[in-house]
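Written below as structure tokens is the structure these notes are about.
Every number for a ligand or one of its atoms is a count from 1 in the order of the listing.
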Amino acid sequence: MSRAAVVCGLGGALPATAVTNEELAAQLDTSDQWIRTRTGIGLRYVVAPGESTSDLAVAAGERALESARRKGGSHTDTTAGAGADVDLVVLATSTPDRPCPGTAPGVAHRLGLGTVPAFDVAAVCTGFVYALATAASMITAGVAERALVIGADTFSTILDPVDRTTRAIFGDGAGAVVLRAGESGEPGALLGFDLGSDGSGADLITVRAGGSRQRSTGEPPAEGDQFFAMEGRPVFTEAVINMSESSQRLLDRVGWTPGDLDKVVAHQANVRILHAVGEQLGLEDKQIVVNLDRVGNTVAASIPLALSDAAAEGDLVPGHRVVLTGFGGGLTWGSAALVWPDIEPVTQS
Ligand code: UT7
């Protein structure tokens, strides 16, 4: 057995406002039938005016910390600072509160975590897996003992109001896990990662303006360039290929076969993508976790929110062999493997 990062808490948060397909159809040239059959999505949540990514991140973080206190994650070591629950915060987001500074330090401050190291990871829909790998590596290296890893995004704040495709898919939310130092043989230990990127596809998922490439000049950006843009068809194909291949590489490394898996928790972008990944890996439907019908594509929050829902509903139980797999802008992809621990997710205050 060797030192490993172990999942010991899980939380999720959604904004109060739900938007149904019918409500979207009242504003845009779309229909409940199109959205359901082409994506599987029935509902998504959006932040209120004035509400931002950090607000959701704080709510999910609080709940993950509460979950860790309830079962198996009690903590009395305060070496990282008086009263600190964790000594590291990693926040995956592509919709930070501001372009500069990172959003994580403010989240750590609002959570009362003292002066812990806190930083953002930007890997769009793969952000949570990248953040998990970063925090887990810092724990196994002895740089941290306990980490709060949050995935939070508010894509409703960057969507083009007249783009029926992206508005049908994306929703806001946050999910978080607590990691603690433990042993590789324990349930909850992160057993391995597979991470990758292909920057030749950077234009497929993008916000063109607002960075150093298309600088702010004081003039408004070129038509629509301030909004999120996605080329759905090629992204669909790349998502299926890369989540399948990444999962398979990781399974080979961990020594599991697809048949050994109880659950695959893939990034929730489109139910047709989930089924295509299942087909590539030779999985049965019962092995694939689906919650996008209720929340849409919540970007970096997608995987932890799917974990929270599956665990809360008893679809994911202690001892299950689980692979998490994500794909997103960059392009980026990543997978993680673990045996599900005995934890109680907290999704409502
Ligand atoms: O989270 C990061 C990764 N993102 C993804 O994985 C998303 C991957 N892509 C997808 O999920 C799908 O490509 C979409 C859901 C985005 C689009 O579905 P599609 O089946 O690939 O549709 P399409 O883009 O090929 O468009 C087919 C038609 C088009 O109309 P025409 O040109 O055939 O007349 C679109 O304009 O569907 C139209 N369309 C819509 N119609 C009604 C696109 N969006 C909508 C809509 N309502 N909301």
Exercise. If we only count N/O pairs under 3.5 Å, is Ala168 in contact with ligand 1?
Worked result: no
Exercise. If you count the atoms of ligand 1 from 1 in the order shown, which ones are under 4.0 Å from a heavy atom of His267?
Worked result: 1 (O), 2 (C)
Exercise. Is any side-chain N of the basic residue among Glu279 and Arg272 closer than 4.0 Å to the acidic one's carboxylate O?
Worked result: no
Exercise. Side chain, backbone, both or neither: which part of Val124 comes within less than 4.0 Å of ligand 1 when only heavy atoms are counted?
Worked result: neither
For this session: Say whether, by atom type as modelled, one donor and one acceptor occur between the side chain of Ser156 and the main chain of Asp172 under 3.5 angstrom.
Result: no
Problem set entry | Per-atom contacts, ligand 1 versus Ile273 - under 4.0 Å to a heavy atom | 6 (O), 8 (C)
For this session: Return a yes/no value: protein heavy atom under 4.0 Å from atom 6 (O) of ligand 1?
Result: yes
Problem set entry | Side chain Arg167, main chain Pro161, donor-acceptor under 3.5 Å | yes
Exercise. Is it the side chain (CB and beyond), the backbone, both or neither of Ile169 that lies under 4.0 Å from ligand 1, heavy atoms counted?
Worked result: side chain
For this session: Please report the C-alpha distance between Glu145 and Arg3 in whole Å, then the side-chain angles of each, then the deciding distance to 0.1 Å, and finally whether the salt bridge (Lys or Arg N to Asp or Glu O under 4.0 Å) criterion is met.
Result: CA-CA 11 Å; Glu145 291 295 320; Arg3 183 174 164 101; 3.1 Å; yes
For this session: May I ask you to list the atoms of ligand 1 that are less than 4.0 angstrom from any heavy atom of Met230?
Result: 4 (N), 7 (C), 16 (C)
Exercise. To which of Thr332, Thr237, Val235 does the heavy atom nearest atom 4 (N) of ligand 1 belong?
Worked result: Val235
For this session: Would you mind listing which atoms of ligand 1 come within a distance below 4.0 Å of any non-hydrogen atom of Thr30?
Result: 42 (C), 46 (C), 47 (N), 48 (N)
For this session: Could you pull out, from Thr166, Thr165, Thr298, the option with a heavy atom nearest to atom 44 (N) of ligand 1?
Result: Thr165
Exercise. Who's the nearest protein heavy-atom neighbour of atom 19 (P) of ligand 1, and how far?
Worked result: Arg272 NH2, 3.7 Å
Problem set entry | Backbone N/O of Lys263 and side chain of Lys286: donor-acceptor pair under 3.5 Å | no
Seminar exercise, completed: atom 39 (N) of ligand 1 has as its nearest protein heavy atom Trp34 CZ2, 3.4 Å
Problem set entry | Winner among Arg167, Gln268, Arg233 once heavy atoms are compared against atom 23 (P) of ligand 1 | Arg233
For this session: Could you tell me whether the side chain of Asn270 and the main chain of Arg38 form a donor-acceptor pair under 3.5 Å?
Result: yes
For this session: Starting from atom 1 (O) of ligand 1, locate the nearest protein heavy atom and write down its residue, its atom name and how far away it is, to 0.1 Å.
Result: Asn297 ND2, 2.6 Å
For this session: Please state whether the rings of Phe327 and Trp333 are parallel, tilted or perpendicular, taking 30° and 60° as the class boundaries.
Result: parallel
For this session: Please indicate, with yes or no, if any protein heavy atom is found under 4.0 Å from atom 9 (N) of ligand 1?
Result: yes
Problem set entry | Closest candidate by heavy atom, reference atom 35 (C) of ligand 1, pool Arg38, Arg164, Glu238, Gln33 | Arg164
Exercise. Heavy-atom distance to atom 12 (C) of ligand 1: which of Val271, Asn270, Leu28 wins?
Worked result: Asn270
Exercise. Is any side-chain N of the basic residue among Glu313 and Arg294 closer than 4.0 Å to the acidic one's carboxylate O?
Worked result: yes
Problem set entry | Short side-chain to backbone donor-acceptor contact, Arg63 and Thr347, under 3.5 Å | yes
Exercise. Which residue supplies the protein heavy atom nearest to atom 2 (C) of ligand 1, what is that atom called, and how far is it?
Worked result: Cys125 SG, 3.2 Å
Exercise. Donor-acceptor pair, Thr332 side chain versus Ala123 backbone, under 3.5 Å?
Worked result: yes
Exercise. Atom 31 (P) of ligand 1: protein heavy atom closer than 4.0 Å?
Worked result: no
Exercise. For atom 28 (C) of ligand 1, is the nearest protein heavy atom closer than 4.0 Å?
Worked result: no
For this session: May I ask you to say whether Arg208 pairs ionically with Asp203, meaning some side-chain N is under 4.0 Å from a carboxylate O?
Result: no
Exercise. Taking side chain as C-beta onward, heavy atoms only, is Val178 less than 4.5 Å from Arg146?
Worked result: yes
Seminar exercise, completed: side-chain hydrogen bond (donor to acceptor under 3.5 Å, both in side chains) test vs Asp153 passes for just one of Thr53, Thr298, Thr95, namely Thr95
Exercise. Does any N/O atom on Thr39 come nearer than 3.5 Å to any N/O atom on ligand 1?
Worked result: no
